[in-house]
Amino acid sequence: MSELVKHKQSSESKCIQTSCPYCGVGCGVDITIQQGEAVKLSGTPEHPANFGRLCVKGTNLLATNHHQGRLLHPVVHGEQTSWEKAIETVAARFKQIIKQHGPDAVAFYGSGQLLTEDYYVANKLMKGYIGSANIDTNSRLCMSSAVSGYKRAFGEDLVPCSYQDLENTDLILLTGSNAAWTHPVLFQRMEKAKAVNPKLQIIAIDPRRTASAELADFHLPIKPGTDAALFNGLLSFLADNNGLDQAYIDSYTNNFSACLEQAKQWTITQTASYCDISKDLLTRLYQAFLTSKRVINFFSQGINQSSSGADKCNAIINCHLASGKIGKAGSGPFSITGQPNAMGGREVGGLSNLLAAHMELDNPKHRELVQGFWQSPTLASSPGYKATDLFDKINEGKVKAVWIMATNPAVSLPDRTKVEQALSRCDFVVVSDCVASNDTLAFADIKLPATTWSEKNGTVTNSERRISRQRSLLTAPGEALDDWKIISRVAKAMGFDLGFNYRGPGDIFDEHARLTAFNNNGERALDLSGLTGLTSAEYDRLKPVQWPVNAKYPQGCPQVLADGNFFTDNARANFIEIIPAPPKLACCTDHPFSLTSGRLRDQWHTMTRTGKANILAEHTKAPEITLNPEDARSLDVAEGDMIRVSNKTGVIYLQAKLSDSVAAKQVFVPIHWNREFASSAVANQLFAAIVDPISGQPEFKQTPVQLEKAVIKQYALLYSPQPLKNFTAGLAKGCHWVQHLGVQGPVYHCYFEQKITDLAGQLKQHISRSIRDGASQETQAENSWLSYQNEHSSQHIALGGEGFNAFVFISDKPIRLDDSWLNELLQNQETSAEQINALLRAKAPKNRGRKICSCFSVYEHDIIEAIQNDGINSVDALGSALKCGTNCGSCKTELSSLLREQEAIVQTFIPSDEPDEVIT
Ligand SMILES: Nc1nc2c(c(=O)[nH]1)N[C@H]1C(S)=C(S)[C@@H](COP(=O)(O)OP(=O)(O)OC[C@H]3O[C@@H](n4cnc5c(=O)[nH]c(N)nc54)[C@H](O)[C@@H]3O)O[C@H]1N2
Ligand SMILES: Nc1nc2c(c(=O)[nH]1)N[C@H]1C(S)=C(S)[C@@H](COP(=O)(O)OP(=O)(O)OC[C@H]3O[C@@H](n4cnc5c(=O)[nH]c(N)nc54)[C@H](O)[C@@H]3O)O[C@H]1N2
Ligand code: SF4
Ligand SMILES: [Mo]
């Protein structure tokens with residue numbers, strides 16, 4: 001087990017409350033610190049986001065919180081250096097470029113995973129001191145369509161709902177959201193609400209039948225990219241069926257008739273045909289909306305990540321305004337935030353078209369107000385570059401220096417090849433990160449070690465506008481520093497002494513709160529006047545609270561739009577006319593499959609945190625492409641086969657996963673895998689940088705691709721005691737590898753398009769070298785290899801030494817072994833050479849499939865067996881028999897789909913023509 005981080009004071013046991021660093025639900029977590037170590041974690045019972053619940057990622061936070069792989073010291077041009085030197089280098093280079101080429105030649109690229117205080121300081125430095133608005137963040141990839149939608153409709157980026165609305169409603173539409181995996185604690189709250197009130201209806205709108213659809217009364221598998229038409233059709237249906245709230249429309253809104261005029265052409269027949277669903281299902285959806293008094297539309301990236309994402313958001317908002325199902329408990333258009341603090345970033349102006357405190361760059365009054373408040377030497381006067389433009393400008397040489405903080409754009413931005421080009425062409429790339437190595441750090445001139453969750457101290461705002469504290473529990477490793485501190489030090493080194501003298505995050509929060517209150521006069525909903533002037537003890541004790549927090553709402557406010565007062569020029573909400581647009585790239589003969597990308601249950605983004613825990617790898621160990629069995633048949637592809645996925649933007653290789661959860665001619669790939677974990681599986685090799693012209697958000701949910709079965713001539717499986725450096729460089733071309741963390745160390749699966757001569761020798765060398773390079777193991781590795789070859793010329797090799805170090809399997813056929821069997825062997829330190837030899841010849845047990853329940857280690861096959869042999873027919877009964885799903889509950893939807901689809905799954909699980917590779 002990895003080294004556990006030390007607590008600041010090695011004292012007796014105590015509990016510290018903080019919030020989870022993953023998704024925008026913003027769950028509270030209680031952490032017990034004992035003798036300097038974080039020893040126990042549980043959900044905070046009284047936190048209003050989760051009331052004690054946690055999902056599988058939150059539950060396993062401590063397993064990911066070790067120091068292996070951390071960036072511990074500043075690195076300047078490859079050399080470890082002091083902070084003074086690093087700060088001086090960054091400041092001097094930024095100053096020089098600004099002097100020579102102007103302020104717009106530099107940029108910051110940040111993240112919704114920064115704390116509000118980090119973000120505030122970065123925004124202030126760029127907009128108020130450097131004088132450019134070139135600060136954008138990964139929220140551009142995530143929330144910017146929702147921001148545009150809300151701003152166009154309400155005049156301010158205002159999410160008008162609360163989590164408790166999910167429990168007090170009659171209908172929840174899950175639109176383009178796989179909440180069961182992505183916002184699991186909210187999903188559990190819906191599950192509970194439905195159990196308590198069976199009349200609560202849930203409808204899933206998603207081209208895929210996701211885990212979330214399991215809870216739904218019914219699922220609308222619409223054609224990808226057609227949501228705007230669906231909601232135009234709804235508006236038209238409401239108008240035709242007495243579903244309008246004319247009094248609300250008359251008193252509180254603008255532009256209704258023009259909007260309805262546009263929507264009118266979307267009749268049921270027209271819409272059903274455009275969305276490719278039956279009129280029946282469509283009518284059921286529309287009837288449910290019409291007849292439900294309270295409706296929440298819970299929407300996420302299936303809506304936002306589109307070349308017309310802002311319009312899709314407004315198509316949703318239009319329906320709520322027209323029916324008056326807004327500003328009331330249990331009703332409203334609820335955009336669910338992805339990252340833990342994307343919302344906080346939006347509050348302080350963390351996008352290149354925003355100013356700060358929900359004020360606008362193009363509003364002279366706001367500019368004067370902010371500059372006056374900051375007393376800053378300058379202020380950006382026009383919007384800066386949005387994320388994808390920014391990387392284009394870097395490519396063109398217009399932006400010469402970029403500082404990337406808490407995001408991994410080489411993986412997460414569209415068009416990986418272009419991003420790589422930009423990063424290698426850029427004169428000066430600074431990266432602040434907590435890990436020592438990721439795909440973006442590979443391009444950094446300067447690497448700055450940042451603190452991260454459990455070390456950082458500040459605030460975050462969740463999806464329901466609730467501000468919570470993230471508290472520091474443990475001492476930072478090495479020389480890692482808080483992001484706000486790094487930014488402030490660079491600001492001062494650039495000569496901006498006055499604006500950045502903060503003693504701690506409390507000072508920054510206070511300044512931010514005062515700015516939201518400054519000359520507010522009710523003009524901006526974001527008003528934290530009730531949180532100004534906190535003492536440092538009060539800031540430390542701050543309880544979760546929903547903004548606005550002011551004289552009117554001293555305890556915060558769950559219902560922001562209750563009074564029908566909006567933040568537009570005439571204080572009325574705007575209807576926006578929507579002309580539905582299909583995805584920019586259409587499928588064609590060369591690229592007949594529509595590919596979508598998204599998230600898996602147990603991984604977070606580019607895996608820099610979740611990839612560190614073996615337990616989280618168990619659910620899905622390799623990047624897979626999900627395709628319909630019908631398509632698999634026509635491509636002659638079986639479960640587990642390697643598939644080449646390509647289009648004009650790029651090519652990747654993934655293993656086939658067969659499932660009718662995706663329709664024919666549609667496929668799904670996860671976003672998580674990157675070069676640290678796989679040679680050729682970055683989803684963004686396939687997405688061109690096509691963005692919404694209003695929000696700048698990329699079209700990440702639809703791209704046309706071609707699929708081909710890759711011809712693999714040789715397979716290898718490696719269990720290594722430590723990561724193998726330069727793994728790809730050491731192997732021949734045409735090798736695709738995937739790595740996951742096993743119990744003892746990394747496990748590599750390799751697929752060779754050509755047969756390699758003496759592959760065994762090469763792999764032996766690779767591992768031996770890596771072990772010799774490793775500081776802790778000085779074994780006579782070369783002498784300790786044992787080899788076994790069976791009559792099918794499959795080769796199995798084990799490296800003994802002191803104990804038992806490595807395994808290599810080589811075969812011409814796919815190798816399917818049960819990990820847990822090998823882990824047992826690898827953990828057995830006493831194994832003798834004879835035993836190893838015997839073990840090498842032993843018959844490997846059958847693969848048990850995915851680990852469905854992480855909490856109690858229950859595998860797919862055990863569950864299928866229980867269903868088939870013991871006649872179990874409910875999720876609860878499975879829980880009683882196997883315990884699965886009875887702790888965090890994250891796997892309950894999968895249990896339910898296994899129950900329902902067990903026959904289909906069993907079929908795809910047994911390889912159709914080739915037997916599993918076994919050692920005989
Ligand atoms: N486990 C896990 N949880 C996470 C994250 C993570 O990395 N891992 N990341 C967090 C972040 S930052 C974010 S932004 C959220 C994202 O949360 P979600 O938006 O729920 O997640 P995604 O998987 O990106 O996409 C949601 C769904 O959109 C569907 N979709 C695709 N095209 C369309 C379409 O045209 N119309 C409709 N209606 N649906 C469509 C996809 O099939 C997919 O099921 O998750 C957060 N939570
Ligand atoms: N094709 C496709 N692409 C997508 C998406 C999609 O659905 N499809 N989704 C998009 C969305 S919604 C999002 S949010 C992005 C996410 O994409 P990224 O933001 O690129 O992903 P992360 O892995 O979260 O990157 C965070 C980085 O910050 C580091 N880090 C963690 N904590 C700290 C800290 O406190 N300080 C500093 N300085 N560093 C820290 C981590 O080690 C990691 O390297 O991906 C986007 N890209
Ligand atoms: S739902 Fe899970 S990942 Fe999201 S904040 Fe809660 S515990 Fe963390
Ligand atoms: Mo996101």
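All ligand and atom numbering here is 1-based and tracks the order in the structure.
Residue contact check: T606 has heavy atoms under 4.0 Å from atoms 21 (O), 22 (P), 23 (O) of ligand 2. For ligand 2, the atoms closer than 4.0 angstrom to any heavy atom of K456 are 34 (C), 35 (O), 36 (N). Atom numbering of ligand 2 starts at 1 in the shown order; those under 4.0 Å from a heavy atom of W604 are 24 (O). Those atoms of ligand 1 with a heavy atom of P224 less than 4.0 angstrom away are 35 (O). Of all atoms in ligand 2, listed by their number and element, those nearer than 4.0 Å to a heavy atom of N438 are 44 (O). Under a 4.0 Å criterion applied to the non-hydrogen atoms of L600, ligand 1 contributes the atoms 1 (N), 2 (C), 8 (N). Contact atoms of ligand 2 toward Q113: 19 (O), 22 (P), 24 (O), 26 (C) (distance under 4.0 Å to a heavy atom of the residue). Within the listing of ligand 2, atoms 41 (C), 42 (O), 43 (C), 44 (O) sit less than 4.0 angstrom from a heavy atom of T608. The contact set between ligand 1 and Q339, taken as ligand atoms under 4.0 Å from a residue heavy atom, comprises 12 (S). Within ligand 1, counting atoms from 1 as listed, the ones closer than 4.0 Å to a heavy atom of T210 are 44 (O). Ligand-side atoms of ligand 1 in range of G225: 34 (C), 35 (O), range being under 4.0 angstrom from any heavy atom. Which parts of ligand 1 touch Q603 is read off a 4.0 Å heavy-atom cut-off, strictly below it: atoms 1 (N), 2 (C), 6 (C), 7 (O), 8 (N). Against a heavy-atom cut-off of under 4.0 Å, R208 is close to the following atoms of ligand 1: 41 (C), 42 (O), 43 (C), 44 (O). Every atom of ligand 2 with a heavy atom of K701 under 4.0 Å away is listed here by number and element: 7 (O). Residue-ligand proximity, W181 to ligand 1, at heavy-atom distances under 4.0 Å covers atoms 1 (N), 2 (C), 3 (N). Below 4.0 Å from some heavy atom of C142 lie the following atoms of ligand 2, by number and element: 12 (S), 14 (S).
When ring centroids are compared, W181 and H619 come within the 6.0 Å threshold.
Counting heavy atoms closer than 4.0 Å to ligand 1, residue N178 contributes atoms from both its backbone and its side chain. With a 4.0 Å heavy-atom cut-off, ligand 1 is reached by the side chain of K57 but not by its N, CA, C or O. Here Q702 has side-chain heavy atoms under 4.0 Å from ligand 1, and that is the only part of it that gets that close.
Around atom 27 (C) of ligand 1, the closest heavy atom drawn from V25, T610, D206 belongs to D206. One option in I222, N138, T182, L141 has a heavy atom closer to atom 20 (O) of ligand 1 than any other, and that option is T182. Looking at R140, H605, Q685, it is H605 that brings a heavy atom closest to atom 16 (C) of ligand 2.
Of the polar atoms of D433, at least one N or O is found under 3.5 Å from an N or O of ligand 2, judged by distance alone. Residue A450 has no N or O atom closer than 3.5 Å to an N or O atom of ligand 2.
Using the six-membered ring where Trp is involved, Y274 and W266 have ring planes that are perpendicular, over 60° apart on the 30 and 60° scheme.
For atom 4 (C) of ligand 2, the nearest protein heavy atom (residue, atom name, distance) is F700 CE1, 3.5 Å. Shortest contact from atom 34 (C) of ligand 2 to any protein heavy atom: T451 O, 3.4 Å. Shortest contact from atom 36 (N) of ligand 2 to any protein heavy atom: D483 OD2, 2.8 Å. When only non-hydrogen protein atoms are considered, atom 8 (N) of ligand 2 lies nearest to S597 OG, 2.9 Å. What sits closest to atom 31 (C) of ligand 2 on the protein, heavy atoms only, is C434 SG, 3.6 Å. When only non-hydrogen protein atoms are considered, atom 10 (C) of ligand 2 lies nearest to Q305 NE2, 3.5 Å. If you check which protein heavy atom lies closest to atom 17 (O) of ligand 2, you get S412 CB, 3.1 Å. In terms of protein heavy-atom proximity, atom 26 (C) of ligand 2 is closest to A406 O, 3.3 Å.
Residue contacts with ligand 2 leave out W453, since none of its heavy atoms falls under 4.0 Å from the ligand. Ligand 2 lies within reach of R599, whose nearest heavy atom is under 4.0 Å from it. Under a 4.0 Å heavy-atom criterion, R609 is not in contact with ligand 2. Using a 4.0 Å heavy-atom cutoff, H183 is listed among the residues neighbouring ligand 1. Ligand 2 does not have S111 within reach: every non-hydrogen atom of the residue lies 4.0 Å or more from it. Proximity of V435 to ligand 2 is established by a heavy-atom distance of less than 4.0 Å.
Comment: K456 does not engage E117 in a salt bridge, judged by the lack of any side-chain N to carboxylate O separation of less than 4.0 angstrom. Salt-bridge annotation for R601 and E894: present, with a side-chain N of the basic residue lying under 4.0 Å from a carboxylate O of the acidic one. The existence of a salt bridge linking R471 and E455 is excluded, since no basic side-chain nitrogen approaches an acidic carboxylate oxygen closer than 4.0 Å.
Both the sub-6.0 Å distance and the 45° axial angle are satisfied by R284 relative to the ring of F218.
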